[in-house]
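Only one structure is covered here, and it is reproduced in the block below.
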Amino acid sequence: MAAILRLPGGARDASEIVEALLVAAAARDSTTPQLAERWRQIADHIGDALDQLPAPAGHQGLRSVTS
């Protein structure tokens, strides 16, 4: 199932959500490990989707910075 998220800050907001999920998962590791693992999976899925987005206009990739 796919979902569309409309975030005012775009991909930056989505990456903050990923970070928050990972922090929350770490906090739940000892008390509810299944929930922590689920949150990590969600973070991974969002991160994978962000990786598939085209780079913003004017964005310099690693290759152009190191060349």
Side-chain angles (χ1 to χ4, degrees):
M1 172 184 232
I4 296 175
L5 294 174
R6 295 186 190 266
L7 302 169
R12 185 182 63 224
D13 283 356
S15 58
E16 286 183 30
I17 291 168
V18 169
E19 181 66 25
L21 282 166
L22 294 173
V23 169
R28 291 289 182 179
D29 267 333
S30 60
T31 57
T32 50
Q34 293 93 356
L35 182 60
E37 180 57 31
R38 178 69 184 133
W39 287 348
R40 281 190 191 88
Q41 290 173 351
I42 293 169
D44 286 342
H45 290 301
I46 295 171
D48 290 346
L50 288 172
D51 289 343
Q52 293 177 14
L53 293 175
H59 176 72
Q60 293 184 343
L62 182 59
R63 190 173 298 164
S64 63
V65 172
T66 58
S67 298

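Keep in mind that the numbers below use all heavy atoms, side chains included, and drop hydrogens, waters and symmetry copies.
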Enumerate donor-acceptor pairs with a distance under 3.5 Å from any side-chain N or O in residues 2-23 to protein atoms, sequence neighbours excluded.
| residue | atom | partner | partner atom | Å |
| --- | --- | --- | --- | --- |
| D13 | OD2 | G9 | N | 2.7 |
| S15 | OG | A11 | O | 3.3 |
| S15 | OG | R12 | O | 2.8 |

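- With rounding to the nearest 0.5 Å, the separation of CZ in R28 from OG1 in T31 is 5.0 Å.
- Of all the heavy atoms in W39 and A25, the pair that sits closest is CE3-N, 3.7 Å.
- The side chain to side chain donor-acceptor pair (under 3.5 Å) check on R40 picks up D29, with sequence neighbours excluded.
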